[in-house]
Amino acid sequence: MIEYCSFIRGVEIKGDFREEIGVRNPYNNELIGIVSCATTSDVELAVKVAHEIYHQKMKSMPAHERSAILRRAADLLEVQATDFATTLALEAGKPIVEARGEVSRAIQVLRFASEGAKNLNGEQIVLDNALGGEGQIGIAKRVPIGVVAAITPFNFPLNMSLHKVAPAIAAGNTIVLKPAEKTPLSAIKLYKLFEQAGLPKGAFNLLNGPGEQLVETLVTHPHVKKVTFTGSSTVGWKIQEMAKGKKVTLELGSNAPNIVFEDADIDHAVSAITMGGFTFAGQACVSAQRIFVHQAIYKTFLKKIVDKVSKLKMGDPLDDSTEIGPMITEEAAKRAEDWVHEAVAEGAIVRTGGERQGTMMQATIIDHVRFDMKVVCEEVFAPIISIMPFTREEDVIKWANDSEYGLQAGVFTNNINRAFRVADQLETGGIWINEVSVKRYDHIPYGGVKKSGIGKEGIQYSIEGMTDLKFIGINILT
């Protein structure tokens, strides 16, 4: 059995005294690796090294060199795409078709970051529009901030890691990455990829293992200047409290609303919401969860989506025909099943699915729900959607906004005036028109409001968030 570990300054960090955890395939529980866990002492060392390398190398590395490293990493990932996709399928239980899609996106992220490294533009500020500013010029320039601490989730273990690692490098920073304990193998491969690409040792350090202690030590370290976290709202807001005085970006949970008006293309909406609700077994923070459908088309929509979802194929993630794979753990699948049973006991009706076997949770559609049921008001993070009728536009906007979360939403309508009117009133960080809430491109501004987080990702936005804006004023002496 292969033993994996953490990496600091290019050195494998492991030893007999360290805790070890097994990495298991969620589909069949097969042990696919053993990870030697980092300690709080390792965290201290990783940040110390990152701080040193930032001042010794990264801070002064020319933009064209940072860009070239990221471009080489993209090229290497393209060559190793099949191996990375297989790793994602094995450690996360992600259907192989979706895993290949994640790798393709990751390659694009690296290329966006490579371009972004060369586009950190500042601006000249006119000073003589202020009294006494004659003969002076001002320059605002973006400069790197130092050590970035990144904590990433299990659901997109490669792409979410790169949404933090790639912009940090593009901006001229160093980074310490703590990936999810259940999906560390893709992060290890990513670390080695950057070594191959020529990134200076110590510019990227990797800490594997569970435990709040590792995270707390990392985000409170005085040399860490920026904390970027993707994961649960509960953990995210604790990190915000711990990381006082630092820049923080939080990408947290949601229970994304999707609204289908009576003039929508029903077949398109059904296909989009099926994809958006059940991709990666619904384990995405922007998965379609609360589906509001106009009463005039409700029965037609419900019949069509039940028919489509009931035919989704469950099975082995390595099978190209699999559309629904396992959830990350049996505990997660059992929680999802329990929420469905609880909703049914309170009057909801399961139209398809609703049961599980081990980690495999059936694709599930529920209606006759109430807004206070867990499957509606909390983040379900499972292959479950709840469908609710509405009649008035003002009501559905109110219901969609009646949530602690506000990450992304989908609106399906062929009325352009309604589309913009509703988009302006929805309290979410992003709104898609005639697309499902889960839609995301890697260069768009992405981030929520309310309990869904603070700050924006999207490569150029992340790069800017990992820099400081420095002003330089010059008095032209004559």
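Side chains are part of it too, since the values below use all heavy atoms of this structure and drop only hydrogens, waters and symmetry mates.
- P383 approaches M361 most closely through the heavy-atom pair CG-O, 3.6 Å.
- Residue pairs that meet the side chain to side chain donor-acceptor pair (under 3.5 Å) test with at least one member in residues 196-217, sequence neighbours left out, are Q80-Q196.
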Report task. May I have the step-by-step check of side chain to side chain donor-acceptor pair (under 3.5 Å) for K57 and T174, ending in yes or no? Result -> CA-CA 10 Å; K57 296 184 178 180; T174 55; over 6 Å; no
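- Applying the 6.0 Å contact sphere to CD of Q357 captures no more than 12 heavy atoms from other residues, nucleotides or ligands.
- Remark: L193 CG to L162 CG distance equals 8.0 Å, nearest 0.5 Å.
- Side-chain contact annotation: N434 with H268, donor-acceptor N/O pair under 3.5 Å absent.
- Y446 has its side chain out of reach of K456: every pair of non-hydrogen atoms, C-beta onward, lies at least 4.5 Å apart.
- Put simply, the side chain of R66 reaches to within 4.5 Å of the side chain of M58, judged on heavy atoms.
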Just list the side-chain donor-acceptor pairs under 3.5 Å for residues 324-334, sequence neighbours left out, or say none.
residue	atom	partner	partner atom	Å
T329	OG1	A332	N	3.0
E330	OE2	R356	NH1	3.3
K334	NZ	D338	OD2	3.1

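- Counting heavy atoms from C-beta outward, Y405 and T428 have side chains that stay 4.5 Å or more apart.
- In this structure, M275 and V436 have side chains that are in contact, with non-hydrogen atoms separated by less than 4.5 Å.
- When each of I8, L206, V43, L218 is tested with V176 by the rule side chain to side chain contact (heavy atoms under 4.5 Å, CB included), just one qualifies, namely L218.
- For the 3.5 Å distance criterion, the side chains of T220 and K244 fail to qualify, holding no donor opposite an acceptor.
- A donor atom on one side chain and an acceptor atom on the other are not found under 3.5 Å apart for D316 and N28.
- The only member of K246, H221, M242 that meets side chain to side chain contact (heavy atoms under 4.5 Å, CB included) when paired with V227 is K246.
- Note that CD1 of I459 and CD of Q108 are 9.5 Å apart. Values are rounded to the nearest 0.5 Å.
- Within a 6.0 Å sphere centred on NZ of K238, other residues, nucleotides and ligands contribute 12 heavy atoms or fewer.
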Report task. Just do the salt bridge (Lys or Arg N to Asp or Glu O under 4.0 Å) check on E3 and K14 with the steps written out, would you? Result -> CA-CA 9 Å; E3 181 177 344; K14 57 185 178 181; 5.3 Å; no
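- Side-chain contact check for R290 versus C377: every heavy-atom pair is 4.5 Å or farther apart.
- In summary, the side chains of S437 and N258 do present a donor paired with an acceptor at a separation below 3.5 Å, with no hydrogens or angles considered.
- With contacts defined as side-chain heavy-atom distances shorter than 4.5 Å, the pair D367/R351 qualifies.
- Interatomic distance, I32 CD1 to L90 CG, rounded to the nearest 0.5 Å: 5.0 Å.
- Remark: the backbone N or O of A117 is not paired with any side-chain donor or acceptor of S67 at under 3.5 angstrom.
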Query - E378 vs W339, side chain to side chain contact (heavy atoms under 4.5 Å, CB included): CA-CA, chis, key distance, verdict - result: CA-CA 10 Å; E378 298 187 26; W339 282 19; 3.5 Å; yes
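- Under a 4.0 Å N-O distance rule, the pair R100/D320 qualifies as a salt bridge.
- A salt bridge links E427 with K450; the closest basic N to acidic carboxylate O contact falls under 4.0 Å.
- Contact annotation: the side chain of V47 approaches that of V224 to within less than 4.5 Å [non-hydrogen atoms, C-beta and beyond].
- Residues G146 and N173 approach most closely at N-OD1, 2.9 Å, considering heavy atoms.
- Of the charged side-chain nitrogens involved, none lies within less than 4.0 Å of a carboxylate oxygen, so that K48 and E44 do not count as a salt-bridged pair.
- Not a single donor-acceptor pair under 3.5 Å links the side chain of E181 to the backbone N or O of G209.
- R9 has a carboxylate O that lies under 4.0 Å from a charged side-chain N of E52, or vice versa, which qualifies the two as a salt bridge.
- Residues S321 and K313 have side chains that bring a donor and an acceptor to within less than 3.5 angstrom of each other.
- Shortest non-hydrogen contact noted between A284 and N155 is CA-ND2, 3.7 Å.
- Relative orientation of the F154 and F381 rings is perpendicular, given thresholds of 30° and 60° on the angle between their planes.
- Here the shortest heavy-atom pairing between A400 and L426 reads CB-CD2, 3.8 Å.
- Of the possible donor and acceptor atoms, one in the side chain of S452 sits under 3.5 Å from a partner among the backbone N and O of G253.
- The residues D75 and R71 are annotated as not salt-bridged, no charged nitrogen and carboxylate oxygen being separated by less than 4.0 angstrom.
- Ion pairing between E30 and R24 fails under the 4.0 Å rule for side-chain N and carboxylate O.
- Heavy atoms of other residues, nucleotides or ligands lying less than 6.0 angstrom from CD1 of I2 number 12 at most.
- Between the side chain of T364 and the main chain of G354, a donor-acceptor pair closer than 3.5 Å is present.
- Q408 places no side-chain N or O within 3.5 Å of a backbone atom of W432 that could act as its donor or acceptor partner.
- The environment of F17 atom CZ is dense: over 12 non-hydrogen atoms of other residues, nucleotides or ligands sit within 6.0 angstrom.
- In this pair, F204 and F194 present their aromatic rings perpendicular. The plane angle is above 60°, beyond the 30 to 60° band.
- L31 is not listed as a side-chain neighbour of V23, based on a closest heavy-atom distance of 4.5 Å or more.
- The closest donor-acceptor contact from the side chain of S114 to the backbone of L110 lies at 3.5 Å or more, if one exists at all.
- In this structure, K164 does not pair ionically with E251, as no charged nitrogen and carboxylate oxygen lie closer than 4.0 Å.
- Judged by distance alone, with hydrogens and angles left aside, the side-chain atoms of E115 form no donor-acceptor pair with the main-chain N or O of F112 at under 3.5 Å.
- D83 and T86 form no side-chain donor-acceptor contact under 3.5 Å, judged by distance and modelled atom types alone.
- The shortest heavy-atom contact between S186 and T87 is N-CG2, 3.9 Å.
- Nearest heavy-atom pair, G282 versus S287, reported as atom, atom and distance to 0.1 Å: O-OG, 3.2 Å.
- Interatomic distance, L207 CG to L45 CG, rounded to the nearest 0.5 Å: 9.0 Å.
- When atom types are taken as modelled, the side chain of E102 and the backbone of A85 share no donor-acceptor pair closer than 3.5 angstrom.
- Remark: K182 does not engage E91 in a salt bridge, criterion side-chain N to carboxylate O under 4.0 Å.
- Rounded to the nearest 0.5 Å, atoms OG (S232) and NZ (K451) are 9.5 Å apart.
- E337 places no side-chain N or O within 3.5 Å of a backbone atom of E355 that could act as its donor or acceptor partner.
- Interatomic distance, CZ of R72 versus CG of L77, reported as 15.0 Å (0.5 Å rounding).
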